[in-house]
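Data block below; observations after.
Every heavy atom of this structure was used, including side-chain atoms; hydrogens, water molecules and symmetry mates were not. Computed from a prediction, not measured in an experiment: that's the story for all the values here. Naming convention: chains lettered A, B, ... in sequence-line order (proteins, then strands); numbering from 1 in each chain.
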Amino acid sequence: MTNACAVRKAANVARRYWLFKSEPETFSWDDLEAAPDRSTFWDGVRNYQARNLLRDEIKSSDGVLFYHSNAKPQVIVGTAVVVRPGSPDPSQFDARSKYFDPDSKADDPRWYGVTIRADRRFKTPVSLPVLRETPGLEEMMVIKKGARLSVQPVSAEAWKIIVGMGTKSA
DNA sequence: GCCAACGTTGGC
DNA sequence: GCCAACGTTGGC
């Protein structure tokens, strides 16, 4: 049991689940697996709704569905785990970064990110069309029209269904 | 490559 | 505070 997990169990806080979108050409599942400690700081989110989740809601040991957007097809390729909760996103203060935000103050950072570590690569990636036709997932945000949020909440029920499909051999 | 949906900006 | 214009996202 990880330390964060033990802390959470002691506090009796339920583990929660999320879906993170990434364009594979920018940062793919393979990139995450190849990263030091199979981990990365999830930077560059510049949407207030997603920011609020990253800053306030997403906690260590939470589960993450890693989703490839703008891919053919769009798929959930695996699961990751949150290993560090929200902290200020350094790229907002880096003038050379494309995520630079000149209006963000060092003593009052506007943008946050979390650190995730690759957990399980799906044997069977779960595509968007499959999500759409799977009973029990009708309420998922990612299948709703115009759902552009790059960090989305996922119910425990949906998590269970999707991980079940993804880890099963084809 | 298109374009609908959405979030943000900025003039008033 | 409204809302038109604009830029971006992301499915198709």
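- With hydrogens and angles left out, the side-chain atoms of S91(A) and R46(A) include a donor and acceptor closer than 3.5 Å.
- Separating the CZ atom in F66(A) from the CZ atom in F27(A) is a distance of 5.5 Å, to the nearest 0.5 Å.
- You'll find the side chain of V45(A) stays beyond 4.5 Å of the side chain of D89(A), heavy atoms only.
- Atom CD1 in I143(A) sits about 14 Å away from atom C1' in dG11(C), given to the nearest Å.
- Within the model, atoms NE2 of H68(A) and OG of S127(A) stand 14.0 Å from one another, a figure rounded to the nearest 0.5 Å.
- Linking Ile, Leu, Val, Met, Phe, Trp and Tyr residues whenever their side-chain heavy atoms come within less than 4.5 Å leaves I76(A) and W18(A) in two separate clusters.
- Distance CD (E23(A)) to P (dG11(C)): 9 Å, rounded to an integer number of Å.
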Check: protein-nucleotides 7-10 of chain B nitrogen or oxygen pairs below 3.5 Å:
from, atom 1, to, atom 2, distance (Å)
dG7(B), O4', R148(A), NH2, 3.4

